[in-house]
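The figures here come from the full heavy-atom set of this structure, side chains too, leaving out hydrogens, waters and symmetry mates. Note on naming: letters A, B, ... go to the chains in the order of the sequence lines (proteins, then strands), and numbering restarts at 1 for each one.
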Amino acid sequence: MLKMRMRMKMLLLLGWCCGLVCAGQNRSDPRGQTGFPVLSINYDYVQMPFEVSLWILLASLMKLGFHLLPVLSGVVPESCLLIVVGLLVGGLIRVMGKNPPVLDSQLFFLCLLPPIILDAGYFLPIRPFTENAGTILTFAVLGTLWNVFFMGAVLYGACRLEAGRLASVDLLSCLLFGSIVSAVDPVAVLAVFEEIHINELLHILVFGESLLNDAVTVVLYHLFEEFAHAGEVTVGDVFLGVVCFFVVALGGVMVGGVYGVLAAFTSRFTSHTRVIEPLFVFLYSYMAYLSAEVFHLSGIMALIACGVVMRPYVEANISHKSYTTIKYFLKMWSSVSETLIFIFLGVSTVAGPHTWNWTFVSITIVLCLVSRVLGVVGLTYIINKYRMVKLSGKDQFIVAYGGLRGAIAFSLAFLLSSDDFPMKDMFLTAIITVIFFTVFVQGMTIRPLVDLLAVKKKKQSKCSINEEIHTQFLEHLLAGIEGVCGHYGHRHWRHKLDRFNKRYIKRCLIRGERSQEPQLISFYNKMELKQALMLLESNSSANLSAGDTAAPQQRSRKTLNISKEREEEIRKILRANLQKTRQRLRSYSRHTLMPDAEDEDEDWSETRIRKQRRMSFMTLPALRESPAVRGSRVESDRPSVLFTLADERLESRGHKPSVTFCLDVEEKPLPRCVSDPGADQLLEEDESLHQRH
Amino acid sequence: MGSRASSLLREEDIDEIKKETGFSHSQITRLYSRFHSLDKGENGALSREDFQRIPELAINPLGDRIINAFFPEGEDQVNFRGFMRTLAHFRPVEDNEKNKDMISGEPLNSRTNKLHFAFQLYDLDRDDKISRDELLQVLRMMVGVNISDEQLGSIADRTIQEADTNGDMCISFSEFTKVLEKVDVEQKMSIRFLH
């Protein structure tokens, strides 16, 4: 009953939004002529931003709606539902007599695509990516080339055989069509694969391939377009095309790398203006994308390179709040972008001029599947000779089946000029059909297939200090053994890169002491902070489950011993904090979030280690309550631990602790601490970082 | 140089090593020439100094331990058989070997034996447990000199607490294996020896 009402509300909202969008296409009436207009309508003034906001609102409401209907979203991937919504909206607009807007290619490439790619690139898991880089590159470059030429050739043959309306399609057009259609689309792959949680290796293979094949697509697309325009092809041109590929790929990466280094360097100096730190990250990345597009280099690769290069240094320099901001903004923008893209795909389907040709479309679909399977199987046979962990048949099936096409193909086709390509409409229809087929059929069936084939799923593992230590240990061990064998494998080069990084680059790009910090220590610090916060949050509910009491008690036993030795240090810390917090202002200016941010950073280096230990003290469950303290307890249990410690120390010195002291100490911003109110939310989402709902 | 090296290695030796370690013929000859090039004293065995001359081991934080792992208990020289036996742990695990029935038990490069090799690098006194001190030593080697003892101590405590299931404040081999069950040891501890 409740669900029915919600559905009705959704439909009403949807209808209302569409109505507004359609009405917005009208021009507004000029004001009436009698007397002074008290109330007038001037829609033209706000038309553009109003419509944009309406579309985004529609997209977000749709997303909201889907998650209120868990039955549907469990079976059908979100992308399919969004395309259906787009179809409905397009149909509604058409019924009202207007022309539905088509997905403008410039809008798509400049506004909708970059957030998704930046999000993917910034959070790209580096280790699996570099370990499988050879495989990914092979699939991306050789696989796409195979697809393009195979499809182009077979389509041309089919067009020749068919004659009739298809006779005018020449080889160049077929090749161009092949190059547009064969590229695996990162947006669609992300949308579907995020929901099925397959293991990391397969995810990074398909996803990495979809990102890297952009270079191939860009080169081939421009190449064939130029050839079609020029009218004839020489061998020299083909050779230039190959050179162009390398220029595009490497140039894109270099542009991205340069901007990444710039961003990292800038972030070194932002300690006094924390508020605009995220802006630098976004701006530099977007500039990298645009700069690459100026020279027809691969914008996607530039964006990925920028994100990858910038991330380790920027994260060491910026505050935790900025990190959270970056993370959430990227997720938000990419989520909205993706939704909009799929909705527009649906709307454009209703809008665009269509030329349906049974032969062409059906051959295209069959060819897409066949060439993809052949390509994957053939390449895997070669790749497995060089891999240590071979790809099994199941893996190959998932890689082949996960090759989804998406909006990039549509936009590229839309950009074609109708003069050079009179069959542009037919191409568009065929591409839309392929996209629908891959997204609907393959997207919907991949989840049951994954379960059926019992493909390994993503391991839900909590970060463990053991794994980190032992993994590093094994890295060192293997590097040494490789040295003994005289073997210069990729570990050797990675070691060299690490050493170069540590000695020169980190010194330039990371501010202060953090440049010297070993990776193990930063990992450990982050883990400790997370755990301290989790325990604080759970203390406030004052209900530790039976399973947890064993571990914390063991810990508390140990940490109790340590605390007895460190009494004097605690006293010093608390004394210093008392003084600081009294001077603290409660003002909030637009330029600084924390008025004493500078103080915090100055003595950060000295007291950092002590603060870490203090955080580990905070994991004491309320064991150390003494009767004297219990009387003066405050209602909120959260700061109880430090409060009790502080209380005992200060009572002995005759100070009366105040409530504000306690809460202030808790909220005093530690350098890498999370003092957001939504701390537990953050931690949960940290673990499932790749989920975008 | 190559032909002289392989002439010192007899066919029967190669066959025995092949059976024991699973390396192929060409891999064994290649590694023998490497062995020979390391052996400056030309006496058919390697000493600790020979290993210390390898540049990669000199800068490796675990260099000394790795060198020690090659030498059996109490000895100062390692011959080619011993050299190969240690290196056999790092051979990639092959699918067809998983089903092979070996009389001597599991092959040297099985996951358990790989982990056991790593475990012994931690466990210097060979009591089948990694104590807190042994862990601290390894951590100190990996992390360098800038980190204080207390911080390393808390890391070590945390590590042991995470892994320890039977409460003896040490990490036994089974606990070690359990902690690393999610790590892809077969890939991380394998070197691709070229054919």
Side-chain angles (χ1 to χ4, degrees), chain A residues 131 200-201 386-390 392 459-461 464-492 495 499 513 516-521 523-525 527-528 531 550-551 554-555 558-559 562 566 608-610 612-613 616, chain B residues 31 34 37-38 51 54-57 59-63 65-67 69-70 83 86-87 89-90 92-93 95 117-118 121-122 135 138-139 141-144 146-148 150-151 153-155 157-159 161-163 167 171 176 179-180 182-194:
Chain A
E131 281 174 7
E200 202 175 49
L201 172 68
Y386 297 99
R387 279 182 67 90
M388 269 191 290
V389 177
K390 318 265 182 224
S392 67
K459 301 168 184 163
Q460 299 284 343
S461 60
S464 148
I465 185 85
N466 267 283
E467 281 183 17
E468 182 71 18
I469 293 182
H470 297 313
T471 313
Q472 274 203 19
F473 181 83
L474 288 178
E475 290 275 313
H476 287 304
L477 170 63
L478 266 287
I481 298 284
E482 278 190 0
V484 169
C485 299
H487 180 83
Y488 288 118
H490 70 271
R491 282 194 192 89
H492 174 87
H495 239 231
R499 225 168 305 133
E513 240 189 48
Q516 309 288 344
E517 199 177 57
Q519 187 195 345
L520 199 57
I521 304 294
F523 182 84
Y524 175 69
N525 287 342
M527 242 179 68
E528 281 289 285
Q531 221 221 14
Q554 253 184 338
R555 283 207 71 182
K558 276 191 226 125
T559 47
I562 301 176
R566 304 261 187 291
R608 181 170 53 121
I609 294 179
R610 279 189 232 125
Q612 289 304 316
R613 227 173 296 115
S616 66
Chain B
L31 286 168
R34 174 71 181 166
S37 69
L38 289 175
F51 276 104
I54 302 174
E56 175 55 61
L57 283 184
I59 45 177
N60 196 309
L62 301 174
R65 298 232 173 169
I66 298 175
I67 296 175
F70 278 92
F83 184 72
T86 314
L87 285 183
H89 286 104
F90 297 96
V93 178
D95 281 326
F117 185 82
L121 281 180
Y122 276 101
L135 189 59
V138 173
L139 281 175
M141 287 194 298
M142 289 206 294
V143 145
N146 288 333
I147 308 300
S148 69
E150 299 109 12
Q151 198 166 17
S154 46
I155 296 181
D157 289 328
R158 176 62 185 269
T159 312
Q161 187 218 344
E162 237 183 43
I171 305 181
F176 186 72
V179 162
L180 287 181
K182 295 211 178 94
V183 172
D184 192 2
V185 174
E186 285 92 338
Q187 194 188 20
K188 286 203 159 26
M189 273 194 79
S190 298
I191 296 182
R192 205 176 314 145
F193 294 99
L194 304 163

J.: If you count heavy-atom pairs within less than 4.5 Å of chain A, which of B:Leu31, B:Leu38, B:Leu121 leads?
T.: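 Answer, by heavy-atom pair count under 4.5 Å with chain A: B:Leu121.
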
J.: If you draw a 6.0 Å radius around CD in A:Glu475, do more than 12 non-hydrogen atoms from other residues or ligands fall strictly inside?
T.: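 Yes - once you tally the heavy atoms of other residues, nucleotides and ligands closer than 6.0 Å, there are more than 12.
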
J.: Is the ring pair B:Tyr122/A:Phe473 parallel, tilted or perpendicular, if the boundaries are 30 and 60 degrees?
T.: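 Because their plane-to-plane angle is under 30°, the rings of B:Tyr122 and A:Phe473 count as parallel.
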
J.: Under 4.5 Å, counting heavy-atom pairs only, tell me which of B:Leu135, B:Val179, B:Val138, B:Val185 racks up the most with chain A.
T.: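 It is B:Val179.
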
J.: Is any side-chain heavy atom of A:Ile481 closer than 4.5 Å to one of B:His89?
T.: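 No - every pair of side-chain heavy atoms lies 4.5 Å or more apart.
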
J.: Hey, does B:Phe176 have a side-chain heavy atom less than 4.5 Å from the side chain of A:His470?
T.: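 They are in side-chain contact.
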
J.: Any idea which heavy atoms bring A:Leu478 and B:Lys188 closest together, and the distance?
T.: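 So the minimum-distance heavy-atom pair works out to CG-O, 3.3 Å.
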
J.: Before giving the answer on side chain to side chain contact (heavy atoms under 4.5 Å, CB included), spell out for B:Ile171 and A:Asn466 the whole-Å C-alpha distance, their side-chain angles and the decisive distance to 0.1 Å.
T.: CA-CA 11 Å; B:Ile171 305 181; A:Asn466 267 283; 4.3 Å; yes

J.: Using 0.5 Å steps for rounding, measure from the CD atom of A:Gln472 to the CG atom of B:Leu139.
T.: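 Here the rounded value is 9.5 Å.
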
J.: Which atoms form the tightest heavy-atom contact between A:Leu474 and B:Ala118, and what is the distance?
T.: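 The answer is CD2-CB, 4.0 Å.
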
J.: Do any N or O atoms from the side chain of B:Arg34 and from the backbone of A:Val484 form a donor-acceptor pair under 3.5 angstrom?
T.: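 Present.
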
J.: What part of A:Glu468 gets within 4.5 angstrom of chain B, counting heavy atoms only: side chain, backbone, both, or neither?
T.: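 Neither part, no heavy atoms under 4.5 Å.
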
J.: With a 4.5 Å limit on heavy-atom distance, are the side chains of A:Ile469 and B:Ile155 in contact?
T.: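 With C-beta onward as the side chain, the pair touches.
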
J.: Taking A:His476's backbone N and O only, do any of them form a donor-acceptor pair with B:Asn60's side chain (distance below 3.5 Å, no angle check)?
T.: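 Yes, because the side chain of B:Asn60 sits within donor-acceptor range (under 3.5 Å) of the backbone of A:His476.
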
